[in-house]
2 protein chains.
Amino acid sequence: MTNTDPTTESSTGRAPAAMARPTKQRLAVANVLSTFNDFRSAQEIHSLLDASGEKVGLATVYRTLQMLADSGEVDVLRTEDGEAAYRHCSDSHHHHLVCRSCGATVEVEGPTVERWTKAIAAEHGYADISHTLEIFGTCASCS
Amino acid sequence: MTNTDPTTESSTGRAPAAMARPTKQRLAVANVLSTFNDFRSAQEIHSLLDASGEKVGLATVYRTLQMLADSGEVDVLRTEDGEAAYRHCSDSHHHHLVCRSCGATVEVEGPTVERWTKAIAAEHGYADISHTLEIFGTCASCS
DNA sequence: CAGCAAGATGAGAACCGTTGTCAAATCCGT
DNA sequence: ACGGATTTGACAACGGTTCTCATCTTGCTG
């Protein structure tokens, strides 16, 4: 809304492959996304933007994230309480092992599942594969 | 993060066949759950109840499903649009291979992932393992 | 460089699934 | 059958997400 600082226009850079219109807000979202490798909720991303001085409307954040997700530039998943979480993809891919009672989370990864999902998908004629996997259990200190 | 309160579960432990209070409504919900093997949304379950003549309040359906989920009698997952989906567990375990553009879904299964998740979980000291896995891609007719 | 039309933004309302509230109904042990 | 505790159900409240629309930018054209 109030464009208070017409001189800001340099530090953040790096527009992903092809963004429809690389506006300041979209760049800001893309930029924040590149600062972490795990999944963050849309609202959290909005807060991060706010905290970093970039004033981007919540609706715009949602729109941008959706756009990025549609174009395959970010991965999306739903947390257990129904929030959408986003992560810039093409980065270290891992899954979460979550304790059902205390919530302790371990990041795990392994080529096994990656290979299996690709194989299964190919077997059924599916291309351009991605997947989400979450493991739940009771951790050592909770059992 | 929502850390669900595991109410008082000291005496009963886990009760597969024993429900806290087998009221008509709870039985109705349990009964509907047993009529399918895939995940259905809470609202869909409510509709099914309604359609089958059982008049159960929406709130009660939610409460019952949550209760069943807490006691481990049903599995829960979040669909891509944020709805909670429930399925009576201890049944044929499979995953979904979904086409990103037309939505065509194939049910897949395989011991590989099951083994892998168990191994990974055990490796980290987690017990009582469950997991959710969804594979996304573009199906043959859409690519 | 000014002007313009298409596209993007932001504030708030609208939506939708889910959860909380609380009086009335139901259940169970006595 | 009675009484206390639990459960139910209608509806309000909530939180996340999407929609609306007036205003502002962007990119292009002349």
Side-chain angles (χ1 to χ4, degrees), chain A residues 1-10 12 15-16 18-32 39-50 53-71 74 76-86, chain B residues 1-5 7-9 11-12 15 18-32 39-50 53-71 74 76-86:
Chain A
M1 48 182 288
T2 350
N3 194 349
T4 48
D5 194 349
T7 61
T8 33
E9 175 51 63
S10 42
T12 66
M19 195 161 4
R21 258 278 186 108
T23 67
K24 191 166 59 171
Q25 290 86 339
R26 289 178 188 175
L27 287 174
V29 170
N31 197 52
V32 167
F39 285 91
R40 300 295 176 87
S41 78
Q43 312 242 12
E44 191 172 356
I45 290 171
H46 177 242
S47 297
L48 287 172
L49 280 168
D50 223 40
E54 299 282 355
K55 295 302 187 330
V56 183
L58 183 55
T60 302
V61 173
Y62 274 104
R63 271 188 300 242
T64 305
L65 288 172
Q66 253 171 21
M67 183 162 67
L68 291 174
D70 283 345
S71 69
V74 300
V76 199
L77 67 75
R78 287 279 176 172
T79 69
E80 281 202 75
D81 29 290
E83 295 174 318
Y86 302 85
Chain B
M1 192 163 286
T2 318
N3 204 343
T4 44
D5 173 333
T7 32
T8 46
E9 196 162 344
S11 54
T12 39
M19 208 168 341
R21 262 276 185 98
T23 68
K24 191 168 55 173
Q25 290 86 341
R26 288 178 189 172
L27 287 173
V29 170
N31 197 52
V32 168
F39 285 90
R40 301 295 176 86
S41 76
Q43 314 241 12
E44 191 172 355
I45 289 171
H46 178 243
S47 297
L48 287 172
L49 281 167
D50 223 40
E54 301 281 357
K55 296 302 190 324
V56 183
L58 183 56
T60 301
V61 172
Y62 273 105
R63 272 188 299 242
T64 304
L65 287 172
Q66 252 171 21
M67 185 163 64
L68 291 173
D70 282 346
S71 70
V74 300
V76 200
L77 67 74
R78 288 279 176 170
T79 69
E80 281 203 75
D81 31 291
E83 293 174 321
Y86 301 84

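None of the values given here were measured: they were computed from a predicted structure. Chain naming here is simple, since letters A, B, ... match the order of the sequence lines and numbering starts at 1 in each.
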Exercise for the section: Could you check whether A:Gln43 gets within reach of a base, just the sugar-phosphate, or nothing at all, counting any heavy atom under 4.0 Å? Expected result: base
Taking C:dG12, D:dT17, C:dG20 as options, the one with an atom nearest any side-chain atom of A:Ala59 is C:dG12
Closest of D:dT20, D:dT17, C:dT19 to the A:Arg63 side chain is D:dT20
- prompt: Is there a donor-acceptor pair under 3.5 Å between the side chain of B:His46 and the backbone N or O of B:Gly57?
  reply: no
When all nucleic acid strands are considered with a 4.0 Å heavy-atom cut-off, which category describes B:Lys24: base, sugar-phosphate, or nothing? nothing
Is there a side-chain polar atom (N or O) of A:Arg26 under 4.0 Å from OP1 or OP2 of C:dT9?
yes
Next item on the list: Establish, with yes or no, whether the OP1 or OP2 oxygen of C:dG10 is under 4.0 angstrom from a side-chain nitrogen or oxygen of A:Gln25.
Entry: yes
* Think A:Tyr62 has a side-chain N or O under 4.0 angstrom from the OP1 or OP2 of D:dT18? -> no
- Query: Heavy-atom count around A:Glu80 CD within 6.0 Å, excluding the residue itself: above 12?
  - Reply: no
Per atom distances to the B:Thr60 side chain, the nearest of D:dT17, C:dT9, D:dT8 is D:dT8
Out of D:dG9, D:dT18, C:dT18, minimum distance to the side chain of B:Arg78 belongs to C:dT18
A:Leu77 atom CG is separated from D:dG16 atom P, nearest whole Å, by 16 Å
Exercise for review: Report yes if a side-chain nitrogen or oxygen of B:Thr23 is closer than 4.0 Å to either non-bridging phosphate oxygen (OP1 or OP2) of D:dT8; otherwise report no.
Suggested key: yes
Separation of D:dC19 atom P from A:Gln66 atom CD, nearest Å, is 7 Å
Whole-Å distance, B:His46 NE2 to C:dT19 C1', equals 15 Å
